[in-house]
Amino acid sequence: MFPPADAEWFDYDRDAQAMGIVHFGIGAFHRAHQAWYTDRAMDAGDRDWGIIGVSLRSGEVAHQMTPQEGLYTVTERSGDGVKTRIIGVVKDVLVAPYEPDAVIAALTAQTTRIVSFTITEKGYCRAADGSLDPALAGDESVYHYLGIGLRRRHDAGLPGLTLMCCDNLADNGQQLARLMREYLALRDPALLDWFEAQCTCPSTMVDRIVPATTAQDRDEVAETLDGLRDEAAVMTEPFSQWVIEDKFARGRPAWDKVGAQLVEDVRPYETAKLRMLNGAHSMLAYVGLAHGHTFVHEAVGDPAIRALAERLMREEAAATIAAEPGQDLPAYADDLIERFANPALNHRLIQIAMDGSQKIPQRWLETLAANQHSDRECPAILAGISGWIRHLRGANGPVDDPRAAELGRLAEREDCVMALFDEGGAMASEWRPSDADVAAINAGL
Ligand code: NAI
Ligand code: CS2
């Protein structure tokens, strides 16, 4: 029977809704976060924010969701039990390489007001210095579709759009705006003024731990759903946070009615999240794997590794963050330790270890540079770096990172720390490793 007795579900007429949002990168995270907020905002009375999902690369999510007409479930798991909600807000999933015209049509629809993104850090096609890498930003990239879509909106006299990045990048809205400008400067410079005047790119701090779904998860959800199988099911924690810069070109769903914070400046929240949560996560991943752990809750349950996570968050990261009034960093660290320890999530360390080259700058290197200015040491992050270098050397199997080959070669060198991190190095930043830093990292190799 639908709906199954044990699941919460939406209560609006999904067939009557206009599609207000096009989302690129409809992976697990979007389904458990932005789509979940939008579904509940529609339930609370806001309307016409249906979502068209777009996959830029694989057809896997479309294969899972299309036979289900876009319906899927979000299951919250913790030591206290499980709670499942059926989400109705996603109406269609397009696979860009197979149906590019449908993607452009979605971007140029009169009803489309927001285009959002969770295409992973590498999806933004940045060179090592953060600028747009034209060699990566080709016809398969998100910029290609946006460039055509925005040009057609301009030519048709349609209003601009909000482009909303929901990936874990520092100043993610500003970065997207800059990268889009760099793309247009190369491909369609005449559109730049219209883009500036008509489109906005709010920054967002997004937070909800959403591990990749496993076959066993799907079997367990089928039990909750009275035997109904959900191939697109996502698992997450009860916690969720979304802090959004309130800068929308053509309105937004009433996300504030369902728990999102709309603010003028996202930075204090985003910096704390990237440096404390994500910084600790990456350290737990590389150090945890080196100690033979598989899941985050196992790594944080190992007293020596937990002490490193505490130190990284409370002393190394928190020391670099100017907290807003009401932002309690010690309490934030307490909550993070508790979230990491969630025994029901089974969040794999190897998933977090992926794409380190794209994550480490905003998670560790900015913290290291800020501490270096104040002469403070960062042994926990340095332990993480040792773990990352071992990872690049293949200690945990094949390395899943767009720069794996180049970084793997450097990681093998005796002077690997300088080759990676010093001025002119492959991961160069404001941080300059001292002799003591090099010795500490080498000691962990
Ligand atoms: P996922 O693997 O389920 O989905 C990733 C999506 O990005 C897929 O649609 C994939 O096709 C697309 N993608 C991958 N590489 C790409 C590329 N080079 N160009 C364009 N698209 C590409 O991963 P998930 O869990 O949805 O996470 C995606 C991103 O969301 C993360 O990288 C992160 O920035 C952000 N995020 C994830 C959280 C989580 O706990 N899973 C929480 C907070 C943010
Ligand atoms: C994780 C994040 O995969 C990773 O690198 O650190 O996706 C993390 O789960 C989220 O940012 C939590 O909001």
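Start at 1 and go down the list; that is how both ligands and their atoms are numbered. Position 1 is the first residue of the sequence; numbering continues from there. Fair warning: this is a prediction, and the values are worked out from it, not measured in the lab.
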Ignoring angles and geometry beyond distance, decide whether Phe29 reaches within less than 3.5 Å of ligand 1 through its nitrogen or oxygen atoms. yes
Taking N or O atoms only and a 3.5 Å limit, does Ser55 qualify as a polar contact for ligand 1? no
What is the closest protein heavy atom to atom 8 (C) of ligand 1, and at what distance does it sit? Gly25 CA, 4.3 Å
Modelled atom types, side-chain donor and acceptor of Thr75 and Thr84, under 3.5 Å: yes
Tell me which protein heavy atom sits closest to atom 13 (N) of ligand 1, plus the residue, atom name and distance to 0.1 Å. Ile119 O, 3.5 Å
Is Arg57 in polar range of ligand 1, meaning some N or O pair under 3.5 Å apart? yes
Looking at Arg208, Gln34, Gln261, which one forms a side-chain contact (heavy atoms from CB on, under 4.5 Å) with Trp242? Gln34
Please test Asn172 against Thr204 for side chain to side chain donor-acceptor pair (under 3.5 Å), starting from the C-alpha separation and ending with a verdict. CA-CA 7 Å; Asn172 58 8; Thr204 63; 3.2 Å; yes
Going by atom types only, do Gln216 and Glu220 share a side-chain donor-acceptor pair under 3.5 Å? yes
Heavy atoms from other residues, nucleotides or ligands near CD of Glu338 exceed 12 (cutoff 6.0 Å): no
Can you check whether Ala28 has an N/O within less than 3.5 Å of an N/O in ligand 1? yes
Please compare Val206, Ile352, Asp167 and report which has the shortest non-hydrogen distance to atom 31 (C) of ligand 1. Asp167
For ligand 1, the portion of His33 having any non-hydrogen atom under 4.0 Å away: neither
Decide whether Gln68 and Asp230 meet the rule of one side-chain donor and one side-chain acceptor closer than 3.5 Å. yes
Can you tell me the protein heavy atom closest to atom 5 (C) of ligand 1 and the distance? Thr120 CG2, 3.8 Å
For Lys122, the ligand 1 atoms with a heavy-atom partner under 4.0 Å come out as 15 (N), 18 (N)
The atoms of ligand 1 lying under 4.0 Å from a heavy atom of Gly123, numbered in the order shown, are 17 (C), 18 (N), 19 (N)
Decide whether an N or O pair under 3.5 Å exists between Gln351 and ligand 2. no
Once you restrict to heavy atoms under 4.0 Å, what part of Val142 touches ligand 1? Side chain, backbone, both or neither. neither
Could you list the atoms of ligand 1 found under 4.0 angstrom from a heavy atom of Gly27? 3 (O), 4 (O), 9 (O), 26 (O)
Between Arg403 and Asp355, is a salt bridge (Lys or Arg N to Asp or Glu O under 4.0 Å) present by the stated rule, with each step listed? CA-CA 8 Å; Arg403 298 180 69 194; Asp355 291 345; over 6 Å; no
Which pairs, with at least one residue in residues 115-137 and sequence neighbours excluded, count as a ring-ring contact (aromatic ring centres under 6.0 Å, His included)? Phe24-Phe117
Could a heavy atom of His347 be found less than 4.0 Å from some atom of ligand 2? yes
Evaluate Asn168 for polar contact with ligand 1, using N/O atom pairs at a separation under 3.5 Å. yes
Quiz item: cation-pi between Arg40 and Trp36, 6.0 Å / 45°: yes
Quick one: look at Val210 and ligand 2, take heavy-atom pairs under 4.0 Å, and tell me if it's side chain, backbone, both or neither. neither
Could you tell me, atom by atom, which parts of ligand 1 come under 4.0 Å of a heavy atom of Glu121? 32 (O), 34 (O)
Got Arg126 and Leu132 here, is their nearest side-chain heavy-atom distance under 4.5 Å? no
Applying the ring pair (Phe, Tyr, Trp, His ring centres under 6.0 Å) test to His347, which of His281, His293, His297 qualifies? His281
Enumerated ligand 1 atoms positioned under 4.0 Å from heavy atoms of Leu56: 20 (C), 21 (N)
Which bit of Arg363 gets closer than 4.0 Å to ligand 2, counting heavy atoms only: side chain, backbone, both or neither? side chain
Return yes if a side-chain donor-acceptor contact under 3.5 Å exists between Thr213 and Arg218, otherwise no. no
My understanding is that we take every heavy atom of each candidate and find the minimum distance to atom 11 (O) of ligand 2. Doing that for Lys359, Lys273, Glu237, which one comes out nearest? Lys273
Taking every non-hydrogen atom, the tightest pair across Leu169 and Glu270: O-OE2, 3.3 Å
Report the member of Ile26, Leu136, Asn278, Thr118 with the shortest heavy-atom distance to atom 6 (C) of ligand 1. Thr118
